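Basis for what follows: all heavy atoms, side chains included, without hydrogens, waters or symmetry-related copies. In each ligand, atom 1 is the first atom listed, and ligand 1 is the first ligand listed. Because the structure is predicted, anything quoted here is derived from the model rather than measured.
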Amino acid sequence: MSGFFDRPRLLLAPMAGVSDEVFRLLACEHGADLAYTEMVSAKGLSYANERTRRLLNLGEGESRVAVQLFGHEPATMAAQAAWVEETLGESLAYLDINMGCPARKIVTKGDGCALMTDPSLAARVVSAVAGAASRPVAVKFRRGYAVGDETCVDFARRMEDAGAFALTVHGRFAGQMYRGRSERGAIARVKRAVSVPVVGNGDVTCGADAASLMAETGCDAVMIARGAQGNPWVFAQARAVLEGRPEPPAPTVAERIAMAERHARLMAERCPEALVRMRRHAMWYVAGVPGATAARGRFNYCLRLTDFLDAFEALREAADAHGCLDDRPARRG
Ligand SMILES: Cc1cc2nc3c(=O)[nH]c(=O)nc-3n(C[C@H](O)[C@H](O)[C@H](O)COP(=O)(O)O)c2cc1C
């Protein structure tokens, strides 16, 4: 992977319950350079848990992925990193360690962002994984743990010294969860403090956001999470702006419905056991579309592919009746 960050990169973020093979495929088709798996429990892998292992299934034709592991035991993390590497072979671009998840059930076990409160342990996790795997190891973390206590700069230095080859910074404190704005200054301060590539993350929802994040922080790559939900086009928009081309217009209502249909078909074909996830994706695709409220109520009851296709068709008819299939509504409220 040496050289991967030599030019500006666009990354699909790890998102638990979201970043499955279909979501990754659509992001990469629209211009993401690399997609992350959702976070995978090293402990779960060590118990050979089938549900956990399934998170590592790659899509047909998915040639490269970054796998994110979470856990706080250096030995378990190292052993599972080696296993992931052996299992995925050449398809594994690099490993990432989750040190940013603020969810209660994660941090109370000492995982995710709890590691920011124990930088020595975090460093031991990174060096153990780096020692066990031949692929590079990245770390993703936040501005800090407790609100107001910015520790990311020192933490970043520790992670670099421990062997991380790249660092992703989300500019919120764990205590904020997803509230407030992601602080770009924190990303810029980390970038100035380390010599490894820094990935900026937080609140990128269009091409202009990606470009301004890079310009304001000096970051080497942009990672997008919520801005890609129901919106794979964000990668094409960001790519255009980073390459100095005009930002393509937002998709039309008809294009959104068509993409939602394709997403549902791919889910049914490739991960039918997770088709229920399509409910959330469907809601994201239709946010802001006239008739969306009725459609959302309907999505909640969809079980089979045909249920989703019928709901999309009803929405298309409603939008057509309003004469707005070619409108390009803003995505967020
Ligand atoms: C539904 C959801 C699931 C997430 N799961 C993960 C995860 O598994 N690992 C991780 O490091 N971050 C996870 N995140 C955080 C995102 O990767 C990202 O850091 C955060 O959403 C900020 O980026 P954004 O403003 O582009 O959404 C998750 C976020 C959301 C909304």
Side-chain angles (χ1 to χ4, degrees), residues 10-20 23-24 27 32 34-42 44-45 51-52 55-56 65-72 77 94-107 109 111-116 122 125 137-145 152 159 164 166-184 186-187 190 198-210 212-214 217 219 221-232 234-235 237-238 274 277 279-281 283-284 287 331-332:
L10 294 170
L11 309 177
L12 173 67
M15 273 184 281
V18 179
S19 298
D20 54 32
F23 194 69
R24 298 196 301 264
L34 184 67
Y36 282 49
T37 63
E38 60 186 275
M39 61 178 184
V40 180
S41 162
L45 290 179
R51 275 179 68 133
T52 309
L55 301 177
L56 297 171
V65 72
V67 169
Q68 189 188 62
L69 292 178
F70 75 94
H72 68 277
M77 289 290 279
Y94 56 84
L95 290 152
D96 184 84
I97 304 177
N98 182 328
M99 299 198 186
C101 181
R104 209 180 144 72
K105 67 175 183 188
I106 300 292
V107 294
K109 294 195 178 115
D111 299 333
C113 206
L115 282 161
M116 287 196 83
V125 169
V137 178
V139 182
K140 179 170 179 285
F141 52 94
R142 286 187 170 226
R143 186 179 180 189
Y145 190 81
C152 57
M159 298 305 103
L167 304 171
T168 300
V169 187
H170 171 199
R172 286 186 179 84
F173 300 105
Q176 285 178 281
M177 306 299 277
Y178 296 93
R179 290 186 293 274
R181 295 287 300 167
S182 173
E183 168 57 34
R184 291 181 169 187
I187 300 169
V190 168
V198 170
V199 180
N201 170 232
D203 301 339
V204 172
T205 61
C206 63
D209 288 344
S212 61
L213 178 64
M214 290 197 94
T217 65
C219 66
V222 172
M223 176 181 276
I224 305 177
R226 291 164 300 166
Q229 291 171 341
N231 188 30
V234 71
F235 291 104
Q237 292 167 342
R277 278 185 177 191
R279 291 179 185 172
R280 289 167 84 197
H281 291 289
M283 299 205 194
W284 289 324
R331 276 189 77 239
R332 294 182 189 276

Side chain, backbone, both or neither: R226 near ligand 1, heavy atoms under 4.0 Å: both
Starting from atom 3 (C) of ligand 1, find the nearest protein heavy-atom neighbour and note its residue, name and distance. A16 N, 3.3 Å
For ligand 1 and M39, I'd like to know whether there is a polar contact (N/O to N/O, distance under 3.5 Å). yes
To which protein heavy atom is atom 2 (C) of ligand 1 closest, and what is the distance rounded to 0.1 Å? M15 CG, 3.7 Å
Salt-bridge present (D203, R172; N to O < 4.0 Å): yes
Could you check if a side-chain atom of L55 sits within less than 4.5 angstrom of a side-chain atom of E38, using non-hydrogen atoms only? yes
So, 4.0 Å and heavy atoms of Y36: is ligand 1 close enough to count as a contact? no
Near A13, which atoms of ligand 1 are under 4.0 Å from a heavy atom of that residue? 17 (O)
Are G202 and ligand 1 in contact, using a heavy-atom cut-off of under 4.0 Å? yes
among protein heavy atoms, the one nearest atom 26 (O) of ligand 1 is A225 N, 2.9 Å
Look up atom CD1 in I187 and atom SG in C152, then write down how far apart they are to the nearest 0.5 Å. 8.5 Å
What is the nearest protein non-hydrogen atom to atom 6 (C) of ligand 1, stated with its residue, atom name and distance? P14 O, 3.1 Å
Parallel, tilted or perpendicular for F23 and H281, by the 30°/60° rule? tilted
Atom indices of ligand 1, in the order listed, that fall short of 4.0 Å to a heavy atom of N98: 9 (N), 10 (C), 11 (O)
Do the side chains of F141 and N98 get nearer than 4.5 Å, heavy atoms only? no
Looking only at protein heavy atoms, which one is nearest to atom 23 (O) of ligand 1, and what is the separation? N201 ND2, 3.0 Å
D203 versus ligand 1: do any nitrogen or oxygen atoms come within less than 3.5 Å of each other? yes
Does T37 reach the side chain of R24, with side-chain heavy atoms less than 4.5 Å apart? yes
Considering all heavy atoms, the nearest V222-V199 contact: C-CG1, 4.2 Å
M39 side chain reached by L69 side chain, heavy atoms, under 4.5 Å: no
Do me a favour and list the nearest non-hydrogen protein atom to atom 28 (C) of ligand 1 with residue, atom name and distance? Y178 OH, 3.4 Å
Using 0.5 Å steps for rounding, measure from the CE atom of M159 to the NZ atom of K140. 15.0 Å
Using heavy-atom distances, let me know which of M99, K140, M223, H170 sits nearest atom 16 (C) of ligand 1. K140
Got an N/O contact under 3.5 Å between V204 and ligand 1? no
With nothing but distance in play, are any N or O atoms of Q68 less than 3.5 Å from an N or O of ligand 1? yes
Before signing off on this row, confirm whether I224 and ligand 1 have an N or O atom pair separated by under 3.5 Å. no
Where I106 and F70 come nearest, the two heavy atoms and their spacing: CD1-CE1, 3.7 Å
